[in-house]
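Have a look at the structure below, then the notes.
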Amino acid sequence: MTERAKRDGRPSRRAFGGGVLVLGGALMTGAVPGAAAAEGPRPGAGPGAADGASSAARRTTLRRGSAERAGLLAPHLDGLVAEAERFLGPSPTHPWYAGAVLLAGRGGTVALHRAIGSAVRYAAYDEKTDTGVELPPERQIPMTEDTVFDLASVSKLFTSILAVQQIERGALELEAKVTAYLPEFGGGGKQDVTVRQLLTHTSGFRSWIPLYREPTREGKLRLLWAETPANPPGTAYLYSDLNLISLQLILEEITGLGLDILLHDEITAPLGMHRTRFNPPPSWRPEIAATEDARKPWSGLDRGMVWGEVHDENAYGLGGVAGHAGIFSRAWDLAILARTLLNGGAYGRARILSPASVELMFSDFNTAFPGDEHGLGFELHQHWYMGAMATPRTAGHTGFTGTSLVLDPTTDSFLIVLGNSVHPVRSWRSGSAPRVATADRLARAVPVRPVRGRTSWFSGMASATTVTLTLPHVPGAAVLECALWWDTEPGADRVSLEASTDGGTTWRPVPFTTDGRTEHPTGTVGGWSGRVWHTVSAALPEPNALLRWRYATDQRYVGRGVYVDGLRLLDGSGLPLFDEARPADGARIEANGWARSAD
């Protein structure tokens, strides 16, 4: 580990504008969150210790173990593998990937590490028949747990970490203009672009330009310098490889070192990530998953079956070392990185970031652009690939080759899905269905314990469904009390309290309060509730009303679902007329789609 990597201070006041930092539309003043947390081991930290607890004191390292040891539910973890295997078949026409490596864990326990399918299956792609030309069986290579993948855009996370390290050290300022480090960058109207805008994809750059068409590095740089923003800086979110290529150039300028050297010295060597690097040597090739039969017109370059070299054309044109793509790695190495970040920047004896810096990487800087939440380098709260693991604090990234990494600090869990989904051709896959399906399974594997007794009512996690939980008619009932837990797709899936005064023919919303202070006048809630139980109180519209909870989901994504527990109907003096804890009362509840759950 280099001397610079051993430093463990909070980001300087100079780096973050004198202690005042604007996060999109949110203003943070004073100390950066997490910066004052003490370091050292935390006795008795269990799998769920991240809930409400600082990660600054943790230096947890990984070991293999059971689902039980990880605090996960084994049947749902097993279901994760079954979900992933479905996409080895038509999805819907062709396989989503030839194979994949799956790794899931919680706390310091890797409870699942499984390889499925093939690392190398095809010799070529036949565009006339839209089929893959399979290698003879003896030349095909099965996927293994240690198969190395071209990470594609997951590489952006490493570049971002390297940048935040330099911010910690005062060599780079988050709000500084890029031209302070690269004067030539200001061409084309980019003179006001800041380092933060590069890290959060708000610089105005369009998504991509064909740098690889220029034969020299100088020519590629001229294209970048002359590039005109598609939007004024800071006015829109637009994901762009050019942001991280620019950041690479800044890092190389201020350190005097190539990005490959920085990756090794500052991240992979200190953490022991021995199968993570740019430009893997030829000796690694048998252990690497093949990518695409790269030929025009679907590829910018005619290269044939790409195997052991970077797939991305611009990264290839930059010699395999680029800020936006080019890193090769395996699932276990990425699990080490995940654990390091969930620990607050440390792993075992090594520390690569301060807790404050990790907090910033997981903080939304794009509050002005709802739906495009983004920390420093990390995407946040994206159901389209994080599935039910998505929370405002869930961080991750995907790669075009079929890779993804998801970290959920609220449950201290992590999921790595590495697939070779452009093998043999990029057009065979679309969307992120395997990522969502596996993330949903891992989210479901994290238990939600009942408030009272051994079970609570669970809505399930199915999309495009409506489920209802109806209480019996209780004469004289005036108030409903219960506990409610919800985590749903924001803006789409909601749980509603409804009443009927005509025996269940028509229903209307019932306003309620949670925790005695938050009013819900529309009778509905949805989105993220903090992964905690909330106490509900609601006045019945009239004594003879029927009450029900109704949960409706759209056909896209789902959250972790809804739980209801401790249902009671009270009279005007507060005496319980109905209490589901009494077996006779509980048996009168009509559950349509809801089920009793111990977890």
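Hydrogens, waters and symmetry mates play no part in the numbers below; they use all other heavy atoms, side chains included.
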Would a distance-only check, ignoring hydrogens and angles, find a side-chain to backbone donor-acceptor pair under 3.5 Å from Ser496 to Glu498? no
Quick one: is the NZ or CZ of Arg550 closer than 6.0 Å to the six-membered ring centre of Trp507, and within 45° of its axis? no
Step by step, work out the side-chain hydrogen bond (donor to acceptor under 3.5 Å, both in side chains) result for Thr506 and Asp502. CA-CA 7 Å; Thr506 59; Asp502 57 9; 2.6 Å; yes
Test: Arg429 cationic atom under 6.0 Å from Phe400 six-membered ring centre, within 45° of axis: yes
Result of checking Thr468, Thr466, Val467 against Asn592 for side chain to side chain contact (heavy atoms under 4.5 Å, CB included): Thr468
Residues Arg556, Asp493: salt bridge by 4.0 Å N-O rule: no
Might you work through the side-chain contact (heavy atoms from CB on, under 4.5 Å) test for Phe365 and Leu174, ending with a clear yes or no? CA-CA 12 Å; Phe365 282 73; Leu174 189 63; 3.9 Å; yes
I'd like to know if the side chain of Arg596 and the backbone of Trp457 have a donor-acceptor N/O pair within less than 3.5 Å. no
Heavy-atom side-chain proximity of His383 to Pro490 below 4.5 angstrom: yes
Tell me whether Asp571 contacts the main-chain N or O of Ala477 through its side chain, where contact means a donor paired with an acceptor under 3.5 Å. no
In terms of the angle between their ring planes, are His201 and Tyr237 parallel, tilted or perpendicular, with boundaries placed at 30° and 60°? perpendicular
Phe458: which of Trp549, Trp594, Trp485, Tyr563 passes ring-ring contact (aromatic ring centres under 6.0 Å, His included): Tyr563
Short question: side chain of Arg435, backbone of Thr403 - any donor-acceptor pair under 3.5 Å? yes
Taking Arg58 first and then Asp412, would you say they form a salt bridge - that is, a charged N and a carboxylate O separated by under 4.0 Å? yes
With no hydrogens and no angle check, is any side-chain donor or acceptor of His397 less than 3.5 Å from a backbone partner on Leu405? no
If the plane angle is over 60° it's perpendicular, under 30° parallel, otherwise tilted; pick one for His520 and Trp486. perpendicular
Report the C-alpha distance between Asn343 and Thr340 in whole Å, list the side-chain angles of each, state the deciding distance to 0.1 Å, and finish with yes or no for side-chain hydrogen bond (donor to acceptor under 3.5 Å, both in side chains). CA-CA 5 Å; Asn343 285 348; Thr340 300; 5.7 Å; no
